[in-house]
Every structure is written in C-alpha cells, then in structure tokens.
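Structure first, then comments.
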Amino acid sequence: MNLQNPRGTYDALPEMSERLRFIENTAVEVFRRYGYGEIRTPVFEHMDVFARNVGDSTDIVSKEMYVFDDRGGDKMALRPEGTAGVVRAYYSNGLKQNLPLKLCYAGIPVFRYERPQKGRYRQHHQVGIECFGFNGPAADVETIAIGFALLKALGIDDGLYVTVNSLGSKEDRVKYREALVAYFEPHFEKLSADSKERLHKNPLRILDSKSENDRALLGDAPKLEDYLSEESKAHFADVKAGLDALGLPYKFDGTLVRGLDYYTHTVFEIHSDKLGAQSQVISGGRYDGLVEQMGKDSVAGVGFGSGTERLEAIMREMDMKRRPVSFIAMGEGTTVEALRLADKLRAVGLYADVSLDGGSFKSQMKRANKLNACYSVIIGEDEMKSGEYQLKDMDSGEQHSLRPDDLISYLTRAGK
RNA sequence: GCGGGUGUAGCUCAGUGGUAGAGCAUCAGAUUGUGGCUCUGAGGGUCGUGGGUUCAAUCCCCAUCAUUCGCCCCA
C-alpha cells in the first residue's frame with residue numbers, strides 16, 4: 001500500500017491545526033461584524049458552474065480543475081474557487097428575496113491540479129466573503145477594508161502591500177482588448193512564448209508578464225485606464241477616495257489583472273513580503289459579470305478570497321499553545337481525585353492535564369514542564385489525608401496548600 | 001506544463017566506492033514526594049524507491065517518486 005499523502009496535500013498536525021482553526025474562527029468573527037452570514041456550499045458542483053463557456057480562457061478552469069463523471073454520468077468538478085458556488089447557491093435558494101446580501105465562508109477546501117510549491121497546494125483552504133446587490137463603490141471599499149480588518153485581527157498586518165486596479169465594465173474591456181491585440185500583433189515575433197499564447201486567449205495577461213522583452217514592448221502599449229468609460233472612471237475614483245478616507249494604504253497598479261475572467265471594475269490583491277513567489281494572501285474584486293455568465297439576470301457582486309495556508313505560513317512563529325494546569329498524582333486513589341478536580345477546572349474553561357498513566361513523581365513533574373504548565377497541583381497521600389492540595393506556580397516555583405474549592409477560585413482568578 | 005536544487009535517525013544536517021555519524025529531541029540514571037541547568041548512559045537507520053555499473057554502491061549512472069526555488073498560474 002502506498003502510505004504517502006497525495007502530491008500537493010499535507011496533514012495538519014495539532015500545532016498547525018491550532019493556527020488554522022484560529023484563522024477560521026477569527027475570520028468568521030470579523031466578517032460577522034460587517035454583517036456577513038456564513039454559507040456552506042458543496043465541495044463539488046456540476047462542472048459548468050465553474051466552466052461557464054467552452055474554452056474558458058482561465059487556467060484554473062481549463063487546465064487545473066479536478067473533473068470526474070459521477071455514476072449517473074454527469075460531469076462534476078471539485079471546487080477550484082469559492083465564488084462560483086456561492087453565486088450558484090444564491091440562485092438555487094432564491095436569495096434574490098434577501099438582497100442586498102452578505103455571505104462568507106471559512107476554511108472551505110479548494111482543489112487545483114497544479115505543480116506544488118510552498119504556499120501552493122492541490123488542496124488548499126480559503127476564507128472569504130461575497131456580497132450581492134451593491135452597485136456603488138462603497139461596497140468595493142468596504143470589501144477591501146474587511147481584508148485589512150482580517151489581517152489586523154490575525155496580528156499579521158505588517159509587511160503587507162496592497163495593489164488596486166480597475167478593469168472597467170465588460171464593454172470597456174472588449175474595446176481595450178481589441179486595442180491591445182492590434183498593438184501587439186505587429187510585434188508578435190518579439191513576444192515571449194508565454195505571451196504569444198496569451199495574445200489571443202487572454203491578452204490582458206501580457207500586462208503582468210515578467211519577461212523583459214514583453215515589458216519593453218508594454219511601454220508603448222495602450223493603457224487600460226485610457227479605455228475606461230466616464231462612468232467606470234468615476235466608480236474607480238470613488239473607490240480610491242474611499243480607501244484614502246479610511247486611511248487604508250494602497251498602490252495603483254495598472255497591470256493588475258486577475259486570473260479569473262469574471263471580474264469587472266475594481267480588482268485588488270494583498271501581498272505579504274514574508275512569502276516567496278506565492279505572496280498573495282488576499283485577492284478579490286467586483287464581479288458584476290459573473291452572475292450574467294450563469295445565464296440569469298445580473299446582480300452586482302463584490303468579494304475576496306484568502307488562502308488559510310498562506311495566512312498560517314505568516315503566523316508560523318506565533319505560539320498558540322495554551323498553558324495547562326498539570327496534576328501530579330501519587331498514591332492510592334489520587335489519580336481519580338485528580339480527574340475529578342481537573343473536570344471542575346475544565347468546567348470553568350481552564351485547560352487541565354492529568355498524566356493518565358501515572359509515572360514517577362519526577363516524570364509527572366517533567367511532563368508538566370514540557371507542557372509548559374502555568375501551575376501544577378500536587379495530590380499525594382498526605383494531601384488526600386489532610387484535604388489540602390499543593391498548588392505550585394511553575395514560573396516562580398512558589399507553592400502553598402489550598403482546599404479544593406479555594407484552589408478552583410484561585411485558578412479562575414489567576415488567569416495565566 | 002518548463003528549468004534548477006535537495007532527499008542519510010523524530011527534527012536540523014555532516015560523511016565515505018568496503019553496509020554510517022553529530023547536535024537537538026526521546027527514554028533511563030545521578031536525584032525513593034518537586035520541573036527547567038548539568039553530567040552519564042540507552043534506544044532509534046531497508047542512507048526516498050526501482051534498476052544499472054562494480055568483487056563490493058548510501059556514494060557513480062539511469063529512471064521514478066516526493067519536496068523545494070524560479071517560470072507559468074494563483075490563495
């Protein structure tokens with residue numbers, strides 16, 4: 001039997017899980033403060049929820065999706081991103097009744113068949129938000145603000161940089177795309193191999209090419225901002241003014257183009273300088289176009305997604321471990337007494353540890369130390385007789401006798 | 001999908017064509033009811049996997065898998 005975990009997957013051991021859990025809980029709590037309600041959608045959907053038109057130009061959909069036929073012969077796909085499923089659920093559940101609507105998700109698994117790297121897994125997890133029915137720029141501003149709020153709540157708002165751009169309306173983009181293709185076509189031979197391929201498939205992506213030749217050509221290329229309608233320009237100006245008013249730092253980046261093709265108007269990315277090539281921790285934008293792509297009447301949408309593994313990587317050095325009260329039990333009946341008392345501490349929310357297999361006094365003490373216990377409670381035969389247990393402060397080494405009830409109230413107040 | 005690096009003890013890594021070592025960690029003892037420090041000792045390895053060259057391969061060659069860095073893409 002092959003005992004290796006599948007390529008691009010990992011097992012989150014307790015230390016990592018603790019941070020992931022913290023990220024998910026914090027995210028939901030932050031989102032709730034902005035009026036978001038949690039939604040849970042299936043891990044798999046009919047394939048066309050994600051691949052809306054044949055020959056989809058985005059790599060995520062055309063090359064990286066896990067697709068399978070179910071036993072009934074239907075084409076299904078594992079979720080490669082969070083937004084499309086939520087939009088589908090919006091229709092399936094008739095949530096039009098509830099507009100405007102704010103939905104969030106936390107810790108949902110997402111699958112992409114990619115070449116694994118640090119911060120890039122074939123199964124990763126996202127937290128994110130989607131809001132529907134807000135046409136104005138304030139929704140774009142608030143969405144970005146929530147991104148900041150999340151990172152701040154996680155204590156990782158250092159070393160970040162934010163870029164924003166506007167892709168304009170669908171019409172703006174069609175015009176710009178034509179201009180871009182017309183500009184690059186005479187220079188076709190000079191383009192990098194990647195960009196040659198991109199020219200007709202997804203020419204906007206040439207904008208963020210890293211090839212030096214491509215970048216040289218880009219100097220004289222038509223600019224997206226010159227192709228925005230007055231309306232689009234006004235929307236984007238309001239977004240930037242809103243970010244300024246909230247004191248949120250950002251950089252305008254005219255070459256920022258998102259990989260998913262449903263974005264319109266505002267797009268943004270938050271990067272961390274603590275990660276390597278996979279530096280994006282949050283990215284999103286407005287996707288008024290998506291809802292129409294699903295063949296329904298159009299509804300405004302804005303949102304973002306964030307990879308929990310990347311957030312976790314930034315939080316690596318943070319120690320999330322709680323400090324227990326460790327019980328040292330020696331002698332007849334003491335372990336059971338320790339279990340009984342430990343449960344009382346747990347009932348008031350403390351973390352209590354009892355060495356279940358006993359062991360020498362010394363080894364139990366060592367165990368308490370290894371767990372980084374804040375206090376240890378010593379229950380030996382003398383203590384059983386007197387009914388007063390020894391409470392030892394593991395930092396100062398101080399120790400005194402307390403009756404069980406006093407011990408509980410003392411520890412409840414101590415709050416180490 | 002493309003190009004490079006790396007796979008040796010639980011972890012971080014030395015090392016040699018004659019079947020292996022350190023530090024940390026673990027366990028035990030010094031110290032029969034008091035942890036961290038120190039000292040002593042012990043356990044733990046098909047040297048990623050499969051093939052080839054060789055009297056002999058952990059080392060050289062090929063393949064493969066995994067991982068990592070960059071590209072691509074993206075959270």
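The basis for the numbers below is simple: all heavy atoms, side chains too, and nothing from hydrogens, waters or symmetry mates. Residue numbers begin at 1 in each chain, while the letters A, B, ... track the order of the sequences.
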Find out whether the Lys NZ or Arg CZ of A:R346 is both under 6.0 angstrom from the six-membered ring centre of A:Y351 and within 45° of the ring's axis. no
Does NZ or CZ of A:K240 lie under 6.0 Å from the centre of the six-membered ring of A:F252, at an angle within 45° of the ring axis? yes
Given atom [atom1] of [X] and atom [atom2] of [N], what is their separation to the nearest angstrom?
{"X": "A:K366", "N": "B:C37", "atom1": "NZ", "atom2": "C1'", "answer": "11 Å"}
{"X": "A:Q390", "N": "B:G35", "atom1": "CD", "atom2": "P", "answer": "15 Å"}
{"X": "A:I60", "N": "B:A75", "atom1": "CD1", "atom2": "C1'", "answer": "9 Å"}

Would you confirm whether the ring centroid of A:F132 sits within less than 6.0 angstrom of the ring centroid of A:Y90? yes
Could you tell me if A:T308 and A:H125 have a donor-acceptor pair between their side chains, going purely by distance under 3.5 Å? no
5'-most contact on RNA chain B (nearest-nucleotide basis), A:R310 vs A:G397, goes to A:G397
Taking for A:G380 and for A:S363 the nucleotide of RNA chain B with the nearest heavy atom, the one nearer the 5' end belongs to A:S363
Mind checking [X] for me? I need base, sugar-phosphate or nothing, with any heavy atom below 4.0 Å counting as a touch.
{"X": "A:Q123", "result": "nothing"}
{"X": "A:E381", "result": "base"}
{"X": "A:I378", "result": "base"}
{"X": "A:I282", "result": "sugar-phosphate"}
{"X": "A:E64", "result": "sugar-phosphate"}

Which word best sums up how the rings of A:Y161 and A:H271 line up, parallel for under 30°, tilted for 30 to 60°, or perpendicular for over 60°? parallel
Do A:P42 and A:R88 come close enough that some side-chain heavy atom pair is under 4.5 Å? yes
Would you measure the distance from the P atom in B:A57 across to the matching atom in B:G48 and give it in whole Å? 15 Å
Pick the C1' atom in B:A9 and in B:G23, then give their distance to the nearest Å. 12 Å
Would you indicate, yes or no, if [N] has its OP1 or OP2 atom less than 4.0 angstrom from a side-chain nitrogen or oxygen of [X]?
{"X": "A:S283", "N": "B:A75", "answer": "yes"}
{"X": "A:R205", "N": "B:C73", "answer": "yes"}
{"X": "A:K362", "N": "B:U34", "answer": "no"}

Pair partner, [N] [Watson-Crick or wobble, under 3.5 Å]:
{"N": "B:G29", "answer": "B:C39"}
{"N": "B:C71", "answer": "B:G1"}
{"N": "B:C59", "answer": "none"}

Listed in order of residue number, which residues of residues 17-30 of chain A have a non-hydrogen atom at under 4.0 Å from RNA chain B? none
So which of residues 32-40 of chain A are in contact with RNA chain B, with a heavy-atom cut-off of under 4.0 Å? none
Please enumerate all protein N or O atoms sitting under 3.5 Å from an N or O of nucleotides 65-69 of chain B, with distances to 0.1 Å.
residue : atom : partner : partner atom : Å
B:C65   : O2'  : A:Q4    : OE1          : 3.2
B:U67   : OP1  : A:G8    : N            : 3.2
B:U67   : OP2  : A:R7    : NE           : 3.3
B:C69   : OP2  : A:K118  : N            : 2.9

Under the criterion ring-ring contact (aromatic ring centres under 6.0 Å, His included), I'd like the reasoning laid out for A:H187 against A:Y183: C-alpha separation, chi angles, the key distance, then a yes or no. CA-CA 8 Å; A:H187 302 293; A:Y183 169 79; 5.3 Å; yes
Quick check on salt bridge (Lys or Arg N to Asp or Glu O under 4.0 Å): which of A:E38, A:E130, A:E142 does A:K102 satisfy it with? A:E142
Quick one: which of B:A75, B:G33, B:G36 gets closest to the side chain of A:N369? B:G36
